[in-house]
There are 2 protein chains.
Amino acid sequence: MDNKSLILNNIGKWINLTEAEADHFTSLLKPVTAKRKELILEAGEICRYSYFVTSGCLRGYTIDANGFEHVLNFAAPNWWIADMYSLLSQRPGNTYIQALEPTSTLALSKDAQERLYREIPAFERFFRIITENSLVSFQQRLLDNLSLTAEERYQNFCKRYAGLTDSIPAKQVASYIGVTPEFLSKMKHKLLYKK
Amino acid sequence: MDNKSLILNNIGKWINLTEAEADHFTSLLKPVTAKRKELILEAGEICRYSYFVTSGCLRGYTIDANGFEHVLNFAAPNWWIADMYSLLSQRPGNTYIQALEPTSTLALSKDAQERLYREIPAFERFFRIITENSLVSFQQRLLDNLSLTAEERYQNFCKRYAGLTDSIPAKQVASYIGVTPEFLSKMKHKLLYKK
DNA sequence: TCGATTTCTTAATCTACATTAAGCTCGGAA
DNA sequence: TTCCGAGCTTAATGTAGATTAAGAAATCGA
């Protein structure tokens, strides 16, 4: 399946498009690729695109006042990623988006997205639905951070991102679940031997 | 301003409705009130409404495996609240919604909401936008929990909910920022005398 | 191919916050 | 008006996870 089929398939789970609409939509997409470790968005920039990952893997993260990184999300193939705050407000954001490995995306510009809303109202529905799903999972993650131990969060992570556990460096898994790499290392050892 | 004007005003910030559309919309709303401490949604139930608060204050919270409460959100007048997971999936949720004081809401049923999407597509846009805003603020709160100290989170909370700081019991402020009431008490003492 | 970063691990020590426990305060029910 | 239970405070003690440090392993640039 080529990249445009992949994204149409993804959208087709939620809304129906005519062939003409589908063609129009794909004509708005711009292929964007990134090498391993390359940044496709940096803090301080205005986020002008939503990225749909077709291969590889991206991560979104911020750097706090003390210089520590915090991973907000990973985006494997079939996922969308953007700095939502910056994309919506068109103000400089505080998110970095980086490729963990060579990655291909289809980028939809903010302008094109707004145009889609006007021309094909079903896209309003599509983005409403994926935003709702994202909201639910961030709410759950917040509650998990408040109520689960680091070990439970790590096990959740392994289930949730089962396919990616190997391609994501431990350091960044630690950052996602909210512990130091040292403590993650200790937990892995413990889970391996004690259980 | 009466309650229906309040909600139309709120919606009017994002979309324009004809008078007929506005009337149709308000005809779908069901007034729901709750006494202090009354639950309008309990864990295990299916959430069938989004609630728009017109007066008073609600809080959404869960109870974890160890019996501890975690406050997901507060809803002051002009805010919407629901158990998004349950509302979207129409499956039993794990959220309680409780009145902190005598509260009036306008409830929009899931059915009515779906009907609105079909009849007045602008509502698709409205709910997309408020869901996006909610997503941004939950992402920020997650990052705050990962990067700020409890003291910084408390000060953020005081700014964000400036108008409510008094009407929300300390116990629930503690639960929102993710500390025990004992530790919040200590922080308040410290901020009062040391600073 | 090989030094130089960067990442991962192990271990000692430290600290922010939790737990436990006890007394205090206050609004509400009888 | 009194009592009672819930919320708030203070303080002693406990602990999950951070910090620091240093060596081992993987990755990278030239």
Side-chain angles (χ1 to χ4, degrees), chain A residues 34-39 57 59 61 63-71 96 98-102 144-158 164-194, chain B residues 35-39 57 59 61 63-71 74 96 98-102 144-158 164-194:
Chain A
K35 292 178 224 164
R36 185 174 147 80
K37 300 206 176 178
E38 189 179 334
L39 292 164
C57 187
R59 69 168 176 136
Y61 66 99
I63 298 183
D64 71 23
N66 301 312
F68 292 103
E69 291 185 4
H70 301 280
V71 175
Y96 297 80
Q98 184 193 41
L100 291 178
E101 48 190 275
D144 286 353
N145 279 339
L146 292 175
S147 62
L148 302 182
T149 63
E151 212 170 298
E152 291 167 321
R153 276 178 275 141
Y154 176 58
Q155 289 174 315
N156 273 6
F157 174 86
C158 291
L164 297 175
T165 317
D166 302 321
S167 65
I168 299 175
K171 190 188 172 185
Q172 285 155 31
V173 173
S175 165
Y176 180 94
I177 63 177
V179 295
T180 56
E182 292 85 353
F183 192 69
L184 175 59
S185 184
K186 194 193 279 188
M187 284 196 297
K188 281 159 89 172
H189 180 85
K190 189 177 154 198
L191 289 171
L192 210 62
Y193 286 85
K194 229 184 160 178
Chain B
K35 291 179 223 163
R36 183 175 146 78
K37 301 205 176 180
E38 189 179 335
L39 292 165
C57 187
R59 69 167 177 136
Y61 66 99
I63 299 183
D64 72 22
N66 301 312
F68 292 103
E69 291 185 5
H70 301 281
V71 175
F74 296 105
Y96 297 80
Q98 185 193 42
L100 290 179
E101 46 190 274
D144 286 353
N145 278 337
L146 293 175
S147 62
L148 303 181
T149 63
E151 214 170 297
E152 291 167 320
R153 275 178 275 143
Y154 176 59
Q155 288 174 317
N156 273 7
F157 174 86
C158 291
L164 297 175
T165 317
D166 302 322
S167 66
I168 299 175
K171 189 187 171 187
Q172 284 154 34
V173 173
S175 165
Y176 180 94
I177 63 177
V179 296
T180 56
E182 290 84 353
F183 192 69
L184 174 60
S185 184
K186 195 191 277 187
M187 285 197 296
K188 283 161 86 172
H189 181 85
K190 190 177 154 198
L191 289 171
L192 210 62
Y193 286 85
K194 229 184 164 179

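Each chain gets a letter, A, B and so on, in the order the sequences are listed, and its residues count up from 1. Remember, predicted model here, so these are calculated numbers, not experimental data. These values consider heavy atoms only, across backbone and side chains, with no hydrogens, waters or symmetry-generated copies.
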May I have the distance from [X] (atom [atom1]) to [N] (atom [atom2]), rounded to whole angstrom?
X: Phe183(B); N: dT20(C); atom1: CZ; atom2: P; answer: 17 Å
X: Asp64(B); N: dA18(C); atom1: CG; atom2: C1'; answer: 13 Å
X: Lys35(B); N: dG28(C); atom1: NZ; atom2: P; answer: 14 Å
X: Lys190(A); N: dA11(C); atom1: NZ; atom2: P; answer: 15 Å
X: Leu146(B); N: dA16(C); atom1: CG; atom2: C1'; answer: 16 Å
X: Lys171(A); N: dT27(D); atom1: NZ; atom2: P; answer: 15 Å
X: Lys186(A); N: dA16(D); atom1: NZ; atom2: P; answer: 10 Å
X: Phe68(A); N: dT19(D); atom1: CZ; atom2: C1'; answer: 9 Å

Item to check | Most 5' of Thr180(B) and Gln172(A) on DNA chain C, judged by nearest nucleotide | outcome: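 Mapping each residue to its closest nucleotide by heavy atoms, the 5'-most match is Gln172(A).
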Checklist entry - Would you say Leu191(B) and Gln155(B) make side-chain contact, with heavy atoms under 4.5 Å? => result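 A side-chain contact under 4.5 Å exists here.
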Item to check | Any Tyr154(A) side-chain heavy atom under 4.5 Å of Val173(A) side chain | outcome: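 In contact.
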Next on the checklist: Does dT9(C) have OP1 or OP2 under 4.0 Å away from a side-chain N or O of His189(A)?
Outcome noted: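 For dT9(C), OP1/OP2 do not have a side-chain N/O of His189(A) under 4.0 Å.
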Considering only [options], which nucleotide approaches the side chain of [X] most closely?
X: Glu182(A); options: dT20(D), dT9(D), dG17(D); result: dT20(D)
X: Pro169(A); options: dC8(C), dA18(D), dT10(D); result: dC8(C)
X: Lys37(B); options: dG7(D), dC8(C), dG17(D); result: dG7(D)

Item to check | Evaluation steps, salt bridge (charged side-chain N to carboxylate O under 4.0 Å, His left out), between Lys190(A) and Glu151(A) | outcome: CA-CA 10 Å; Lys190(A) 189 177 154 198; Glu151(A) 212 170 298; 3.0 Å; yes
Next on the checklist: Using a 3.5 Å distance criterion without hydrogens, assess whether the side chain of Arg36(B) forms a donor-acceptor pair with backbone atoms of Pro102(B).
Outcome noted: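 Here the side-chain-to-backbone pair does not exist.
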Item to check | Aromatic plane relationship, Phe74(B) with Phe157(B) - under 30° parallel, 30 to 60° tilted, over 60° perpendicular | outcome: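 Rings of Phe157(B) and Phe74(B): perpendicular, over 60°.
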Checklist entry - What is the nucleic acid contact for Arg36(A), judged by heavy atoms within less than 4.0 Å: base, sugar-phosphate only, or nothing? => result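 Answer is sugar-phosphate: Arg36(A) comes under 4.0 Å of backbone atoms only.
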